[in-house]
Amino acid sequence: MILADKIIKLRKMNGWSQEELAEKMDVSRQAVSKWESAQSAPDLEKILQLSYLFGVSTDYLLKDELEKEEFTESAPESDMKKITVEEANTYLEQRKRASWLIAAATFLCILSPVTLIILGAASELMSIGLSETAAGAVGLGVLFVFVLCAVPIYIYCGFKNEPFAFLDKNIPFELAYGVRGLVTERQKAFRNTYIIWNIIATCLCILSPLPLILSGFSENEMLSVIMLALTLFTVGLGVSAFIIVGVRNASMQKLLREGEYSEKEKTKSVLRDAVGLVYWALLTAIYLAWSFLTEDWNITWIVFAIGGILSPAVNTLCDYLSDKRKK
């Protein structure tokens, strides 16, 4: 029996797919496929690694005349966390529920200043029986209530995700037999939903400034304020749609270690996260400084709109610098 056949036999005895063996060997699936089709042979280092992994002697792997497996002392159990099918299902369902909760909390945060904006403008432009001070107090009260409702939701989702927090960190883990196939099937079934919701969310975000733009043709200041509130509402819907499908898709990518959760992309994300933190902190500082100095709160919010537009460019620059540093 040649080496190629022995690798196939041992892999199947352990219940591993080619992808799973490739992950354990730190090679591509194509490399494993070539070994098993005898198009190429693993080098000496990989032979030793295969011997250790399968718990067989190197003689058995290298000598074609040896048909019977020569098992060595059992290879030490991996200290890596192994995710079972049940755990994978639990995680995916938990993130599915969390996606709606996180979206709802984000929607509340985006809508939180609407009451303050409308009451502030109404007290100044119309007779509503509230002074500007009272209107501001009511508006701030509603804002804090919305935020107060949102924060516990974020905390709750964080605690529920705690058993799987290692997936968000650079902690190695492996999938039990059948998990990869299960998650891959779910990912394929979810693909169309993911695409459609992203299209809808993108359209909502693009169209969100339209009411505000149209109100510019009217001299009614109150109408402009109402249109600003409608813009925030539309943005909230778009962002929520992104979150609902984004969280679910991310949960599957984390288990499969694909996309931005692959080892290569994780390295890039460290720089992206650090720059992103500074970037948004700087935008917030600019927004607050501009707002308090000019008191043009109905205009200064555009800082975040421009920041959102430039954000992909900042991420691209971070990826470029990360790749350049590796070279």
Side-chain angles (χ1 to χ4, degrees), residues 81-115 142-173 175 179 182-184 186-187 189-191 193-198 200-202 204-205 232-262 265-266 268-270 272-277 279-281 283-284 304 307-308 311 315:
K81 167 70 178 175
K82 179 174 284 190
I83 299 176
T84 64
V85 171
E86 184 180 0
E87 288 174 327
N89 274 318
T90 300
Y91 174 67
L92 293 175
E93 288 303 316
Q94 182 262 319
R95 295 314 290 168
K96 181 179 178 180
R97 291 191 295 271
S99 68
W100 288 92
L101 292 173
I102 294 170
T106 304
F107 189 63
L108 287 173
C109 289
I110 293 173
L111 287 187
S112 62
V114 168
T115 304
V142 174
L143 184 150
F144 280 113
V145 168
F146 274 44
V147 173
L148 192 61
C149 291
V151 170
I153 295 175
Y154 289 127
I155 295 173
Y156 171 78
C157 291
F159 275 116
K160 292 292 287 184
N161 190 56
E162 201 169 280
F164 301 96
F166 64 91
L167 292 172
D168 298 313
K169 304 171 184 176
N170 291 322
I171 298 176
F173 66 91
L175 303 177
V179 175
L182 166 74
V183 179
T184 301
R186 285 203 176 193
Q187 193 179 50
F190 181 66
R191 184 65 180 169
T193 302
Y194 179 72
I195 293 171
I196 292 170
W197 277 60
N198 269 284
I200 293 172
T202 301
L204 285 171
C205 289
L232 289 175
F233 181 82
T234 309
V235 168
L237 289 178
V239 171
S240 297
F242 275 128
I243 291 172
I244 289 169
V245 293
V247 170
R248 290 185 62 187
N249 188 63
S251 66
M252 291 179 273
Q253 285 191 329
K254 287 176 185 178
L255 288 173
L256 297 175
R257 286 175 283 195
E258 292 179 348
E260 62 181 291
Y261 300 101
S262 64
E265 290 299 318
K266 275 184 180 180
K268 290 182 180 180
S269 69
V270 173
R272 275 202 303 261
D273 291 345
V275 173
L277 184 62
Y279 176 73
W280 288 106
L283 285 180
T284 302
F304 293 109
S311 181
N315 287 336

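Along the sequence shown, residues carry numbers from 1.
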Scanning both residues in full, the closest heavy-atom pair of C157 with I102 reads SG-CG1, 3.8 Å
For L167 and L255, what are the C-alpha separation, side-chain angles and deciding distance, and is it a side-chain contact (heavy atoms from CB on, under 4.5 Å)?
CA-CA 7 Å; L167 292 172; L255 288 173; 4.1 Å; yes
Taking every heavy atom of A201 against every heavy atom of A241, the minimum-distance pair comes out as CB-CB, 3.7 Å
Residues M252, E258; criterion side-chain contact (heavy atoms from CB on, under 4.5 Å); working and verdict:
CA-CA 8 Å; M252 291 179 273; E258 292 179 348; over 6 Å; no
Using the test ring-ring contact (aromatic ring centres under 6.0 Å, His included), find all partners of F107 that sit at least two apart in sequence or belong to another chain.
F233
Under a 4.5 Å cut-off applied to non-hydrogen side-chain atoms, are N161 and D168 in contact?
yes
Return the set of residues passing ring-ring contact (aromatic ring centres under 6.0 Å, His included) with F190 (not counting sequence neighbours), or none when no residue passes.
none
Gap separating the CD1 atom of I244 from the CG atom of N198, nearest 0.5 angstrom:
11.5 Å
Pairwise distance CG(N249) to OG1(T193) - rounded to 0.5 angstrom:
11.0 Å
Considering non-hydrogen atoms only, spot the tightest contact between P113 and L232 and give its length.
CG-CD1, 4.4 Å
Nearest heavy atoms of I83 and V179, plus distance in Å:
O-CG2, 3.3 Å
Distance (rounded to the nearest 0.5 Å) between F242 CZ and I200 CD1
10.5 Å
Where I110 and G236 come nearest, the two heavy atoms and their spacing
CD1-CA, 3.7 Å
Please identify which of these residues, F173, F164, F166, meets the ring-ring contact (aromatic ring centres under 6.0 Å, His included) condition with Y91.
F164
Which atom of C109 lies closest to which atom of S112, heavy atoms considered
O-OG, 2.6 Å
Can you tell me which residue pairs pass the side-chain hydrogen bond (donor to acceptor under 3.5 Å, both in side chains) test with a partner in residues 92-107, sequence neighbours excluded?
E93-R186, T106-Y154
